[in-house]
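Notes to accompany the following structure.
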Amino acid sequence: MKRAVTLKENYEFRRLYQKGASAVGNGMVLYCRKNRLGHNRLGVTVSVKLGHAVVRNRARRRLREVYRLNGDKLRQGYDIILVARSRTTTAPWKDLNDTFLRLCRKLDLLKEDV
RNA sequence: CGAGGAAAACAGACAGUCGCGUGGGCAGGCCGAAAGGCCGUCCAUGAGGAAAGUCCGGGCUCCACAGGGCAAGGAUAACGGGUAACGCCCGCCGAAGGCGACUUCAGGAAAAGUGCAACAGAGAUAUACCGCCAGUGCGGUUAAACUGUGCUGAUAAGGAACAUGGAAAUUUGCCGCUCCUGCGUAUGCAGGCAGGCAAAAAGCGGGGGAUAGUGUGAAAGGGGGCCGGCGAGGCCCGCCUUUCACGAUUUCAAUCAACUCCGCCGCAGCGGCCGAUCCCGCAGGGAUCGGAAGGUUUCCACCCUUACCGGUGCGGUUUAGCCGCACCGGUAAGGGUGGAAAGGUGCGGUAAGAGCGCACCCGACGGCUGGGAACUGUCCGUCGCUGUAAACUCUAUCCGGAGCAACACCGGUAUGGGAGCAGGGGGAGACCCCAGGGCUGGCCCGGCCGCUCCCGGGGUGGCUUGAGCGUACCGGCAACGGUGCGUCUAGAUAGAUGACUGUCAAAUACAGAACCCGGCUUACAGUUUUGCUCGCGUU
RNA sequence: AGCGGGGUAGAGCAGAUGGAAGCUCGUCAGGCUCAUGACCUGGAGAUCGCCGGUUCGAGUCCGGCCCCCGCCA
């Protein structure tokens with residue numbers, strides 16, 4: 001994951017939480033907002049409430065893997081934030097993948113031909 | 001085989017596809033003047049035994065300090081060793097636990113001093129409440145001996161008296177009448193336990209005397225009750241047992257005054273005395289009714305005296321015992337409370353007691369033995385000392401502070417935010433008044449620019465070759481050390497390990513590096529190895 | 001990464017000096033009132049965050065662990 005395509009600053013996260021569109025699915029929450037860069041940026045949020053470091057790392061890695069495998073299907077020019085829930089670490093991989101696609105379709109992020 | 005305990009290792013593996021961090025390579029592509037950057041591709045490599053908690057110890061860096069010491073504060077604590085160091089590790093000692101292998105222990109000093117030990121308990125760090133014991137005094141009580149005195153009983157002797165009570169004899173013979181028995185023909189005679197009856201013999205029984213009683217009395221033991229600073233002890237009992245004496249029962253004997261009365265028939269009755277009334281009546285006699293006795297003598301009781309033998313009450317003296325109180329001492333055995341009572345057990349000893357003495361045991365200290373030391377011991381000596389220092393304290397040793405977001409450097413990127421800046425006058429002073437960095441400006445607002453201090457952004461280094469890891473040999477019981485050889489093994493910076501598929505019986509535990517290292521503590525599924533202990537079985 | 005404070009009854013707090021835990025509100029029962037409130041009387045209610053140790057004895061002293069709150073970078 002290139003560093004240029006990730007969200008890092010706190011104000012960027014807060015801006016998306018306030019002004020972005022959101023969708024809630026089984027095991028994740030997705031926020032998105034159009035940016036002017038012409039490519040997509042990803043931010044991942046895992047709360048301390050989910051558990052200790054191992055659990056949090058696993059949730060973040062699964063969410064990032066989902067984005068990586070499906071990134072080519074998305075429209076470009078959006079900031080996207082994925083928020084982990086407790087089921088993110090325990091759900092089967094297929095459910096997680098389907099949920100991500102369903103949420104993207106709901107927010108109209110997918111490309112036309114998919 | 002089962003149970004247990006110790007040490008150590010592992011912490012899914014392999015294969016494929018896609019993807020990520022770091023390092024290196026590339027004749028590749030793009031950008032750039034260059035340095036270089038980005039993309040692509042190949043190779044290598046990529047979380048732990050605890051990475052955790054941040055509980056100790058260090059390295060490293062900065063700050064402070066000439067150097068050192070004391071104090072304060074903190075930490076540690078048997079002894080010996082290991083280590084860079086440690087509160088860690090090893091060995092060993094001691095204590096506790098376990099049959100054992102083994103495990104656990106903040107394990108210095110309480111005889112330097114201070115503090116604390118609630119409640120309970122007589123007493124809590126030495127005390128004397130009760131108790132035990134000796135002595136003195138006072139009081140009480142029991143027993144014994146001696147003695148005084150009062151009352152009383154039995155026996156014996158004597159006396160007095162004839163008062164009193166009881167009893168017997170006598171007066172009571174005789175006469176008359178009636179009656180009875182025997183004899184007799186009858187007149188009459190004799191007699192009044194003579195006879196009759198009864199198998200026989202003997203007397204016996206009952207009553208009175210005399211309220212002689214559903215037995216009485218005495219002693220001992222038990223039990224009960226009462227009195228008694230409820231102590232020593234004393235008193236009572238109608239309860240129980242035993243013995244003795246008397247009585248009663250049945251055969252006998254003995255026996256509770258003198259004596260006396262009565263009994264199945266007969267064994268006799270009446271009169272005689274006194275009084276009253278009535279009748280006949282000169283004297284006298286009769287009838288009825290009532291009353292019962294008197295005299296004399298003797299005996300017994302009674303009365304008095306003496307002797308002797310007792311019983312009992314009230315006293316006195318002495319001795320002995322016991323109890324109570326007081327005083328003066330001795331003692332620490334006992335008091336069952338406590339976590340703890342000041343060595344333990346036994347014997348002796350003592351007025352009672354006590355390590356007071358002795359034997360055995362336990363503990364402390366000193367000496368000696370062994371050991372490098374803690375420590376140890378079939379040794380010797382002196383002693384018998386509560387616990388608590390995770391209470392103060394003492395002793396010994398160690399410790400300057402902060403932490404990689406430290407710190408250093410680069411560009412001049414950002415050029416920000418905040419605070420503060422001369423003086424003059426009055427007054428003895430406290431204090432008061434004027435003014436408030438510079439330029440613009442008469443002043444304020446505003447604008448621009450300084451000086452000092454504080455805070456703040458980005459990048460690079462620090463950053464992984466280190467008290468490193470593996471292995472062999474040597475030294476050491478071990479921890480560990482030495483030498484040789486081999487080897488380089490994450491270094492991110494919003495934070496890299498993930499997804500899918502297949503095989504292995506299953507892979508399911510706790511859990512993610514953030515400067516590094518040595519430990520400790522805490523969490524943890526499962527697997528394996530080594531040697532050990534106990535029990536059972538087989539040989 | 002570093003540091004500080006706290007955990008005691010349903011709630012809010014004392015007790016922190018070793019000797020066995022209290023206050024206010026709440027709650028329950030009774031009284032007062034026509035009734036409610038207020039008031040009066042009485043009662044119940046506590047693994048002192050958890051585990052272990054020191055001590056005769058721990059809420060208190062010591063060690064370890066868990067949770068909550070706050071500060072600084």
Side-chain angles (χ1 to χ4, degrees):
Chain A
M1 187 65 58
K2 296 294 183 291
R3 197 182 309 158
V5 298
T6 58
L7 289 171
K8 294 183 178 65
E9 296 303 317
N10 194 22
Y11 66 88
E12 293 173 320
F13 280 85
R14 275 192 275 116
R15 187 169 58 201
L16 259 76
Y17 289 148
Q18 286 183 5
K19 300 184 177 178
S22 66
V24 183
N26 191 9
M28 69 177 74
V29 183
L30 192 147
Y31 291 85
C32 69
R33 188 168 187 262
K34 189 175 290 184
N35 62 8
R36 300 182 196 142
L37 297 174
H39 58 84
N40 285 342
R41 293 191 301 180
L42 177 67
V44 178
T45 296
V46 181
S47 169
V48 186
K49 290 184 289 187
L50 257 67
H52 47 71
V54 174
V55 176
R56 294 200 304 271
N57 276 339
R58 179 171 172 82
R60 178 165 49 82
R61 285 162 184 162
R62 295 190 81 173
L63 290 181
R64 196 155 55 191
E65 183 71 14
V66 166
Y67 175 80
R68 186 185 66 84
L69 293 175
N70 299 296
D72 54 343
K73 304 173 186 172
L74 301 180
R75 294 173 188 266
Q76 294 300 305
Y78 286 91
D79 288 341
I80 296 170
I81 288 180
L82 288 172
V83 178
R85 290 287 169 86
S86 61
R87 297 195 56 184
T88 308
T89 56
T90 59
W93 169 253
K94 194 172 187 304
D95 290 1
L96 212 62
N97 205 14
D98 293 347
T99 302
F100 179 74
L101 292 176
R102 185 164 50 81
L103 294 181
C104 289
R105 188 173 296 114
K106 187 176 180 182
L107 293 173
D108 198 18
L109 286 172
L110 296 181
K111 291 180 178 177
E112 301 284 341
D113 53 347
V114 178

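All chains are named by letter (A, B, ...) in the order of the sequence lines, taking the proteins before the strands, and each is independently numbered beginning at 1.
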Considering only atom [atom1], compute the distance from [N] to [M] and round it to an integer number of Å.
N: C239(B); M: G209(B); atom1: C1'; value: 38 Å
N: C72(C); M: A21(C); atom1: P; value: 43 Å
N: U54(B); M: G519(B); atom1: C1'; value: 13 Å
N: U497(B); M: C30(B); atom1: P; value: 33 Å
N: C197(B); M: U181(B); atom1: C1'; value: 15 Å
N: G53(B); M: G400(B); atom1: C1'; value: 28 Å
N: G59(B); M: A9(B); atom1: P; value: 29 Å

Using the purine O4'-C1'-N9-C4 or pyrimidine O4'-C1'-N1-C2 torsion, is [N] syn (within 90° of 0) or anti?
N: G518(B); value: anti
N: G411(B); value: syn
N: U152(B); value: anti
N: G355(B); value: syn
N: A47(B); value: syn

Send over the distance from [X] [atom1] to [N] [atom2], rounded to a whole Å.
X: Lys94(A); N: U501(B); atom1: NZ; atom2: P; result: 11 Å
X: Asn70(A); N: G19(B); atom1: CG; atom2: C1'; result: 13 Å
X: Arg62(A); N: C500(B); atom1: CZ; atom2: C1'; result: 11 Å
X: Asn57(A); N: A513(B); atom1: CG; atom2: C1'; result: 11 Å
X: Arg56(A); N: U497(B); atom1: CZ; atom2: P; result: 16 Å
X: Leu82(A); N: A494(B); atom1: CG; atom2: P; result: 19 Å
X: Leu42(A); N: A494(B); atom1: CG; atom2: C1'; result: 12 Å

Nucleotide paired to [N] in any strand shown, Watson-Crick or G-U, under 3.5 Å:
N: G46(B); answer: C20(B)
N: C448(B); answer: G438(B)
N: C14(B); answer: G502(B)
N: C463(B); answer: none
N: G70(C); answer: C3(C)
N: C34(C); answer: none
N: A169(B); answer: U296(B)
N: U61(B); answer: A402(B)

Identified side chain to side chain contact (heavy atoms under 4.5 Å, CB included) partner of Leu109(A) from the options Asn70(A), Leu30(A), Leu101(A): Leu30(A)
Which residues pass the salt bridge (Lys or Arg N to Asp or Glu O under 4.0 Å) test with Asp95(A), sequence neighbours left out? none
If the condition is side-chain contact (heavy atoms from CB on, under 4.5 Å), which residues does Ala84(A) pass it with, not counting sequence neighbours? Val46(A), Leu50(A), Ala59(A), Leu63(A), Thr88(A)
Residues passing the side-chain contact (heavy atoms from CB on, under 4.5 Å) test with Leu69(A), sequence neighbours excluded, are Glu65(A), Trp93(A)
Listed by chain and number, what are the ring pair (Phe, Tyr, Trp, His ring centres under 6.0 Å) partners of Tyr31(A), not counting sequence neighbours? Tyr17(A)
Pair of N/O donor and acceptor under 3.5 Å linking G512(B) base with Arg61(A) side chain: yes
Which atom names give the shortest non-hydrogen contact between Met28(A) and Thr99(A), and what distance separates them? CG-CG2, 4.2 Å
Which heavy atom in Cys104(A) sits nearest to a heavy atom in Leu74(A), and how many Å separate them? SG-CD2, 3.8 Å
A side-chain contact here means heavy atoms from C-beta on lying under 4.5 Å apart; do Arg62(A) and Val66(A) qualify? no
Counting heavy atoms from C-beta on, name the nucleotide in C500(B), A47(B), A511(B) closest to the side chain of Trp93(A). C500(B)
With the side chain defined as heavy atoms from C-beta on, Arg58(A) is closest, among G498(B), A511(B), U497(B), to G498(B)
Does Arg64(A) place a side-chain N or O at less than 4.0 Å from the phosphate oxygens OP1/OP2 of G495(B)? yes
Nearest-0.5 Å distance, CD1 of residue Ile80(A) to CG of residue Leu103(A): 11.0 Å
Which atoms of nucleotides 14-18 of chain B (N or O only) lie under 3.5 Å from a protein N or O atom, and what are those distances?
residue	atom	partner	partner atom	Å
C18(B)	O2'	Arg68(A)	NH1	3.3
C18(B)	O2	Arg68(A)	NH2	3.2

Give a yes or no on whether Val55(A) and Leu82(A) share a hydrophobic cluster (residues Ile, Leu, Val, Met, Phe, Trp, Tyr; joining criterion: side-chain heavy atoms under 4.5 Å apart). no
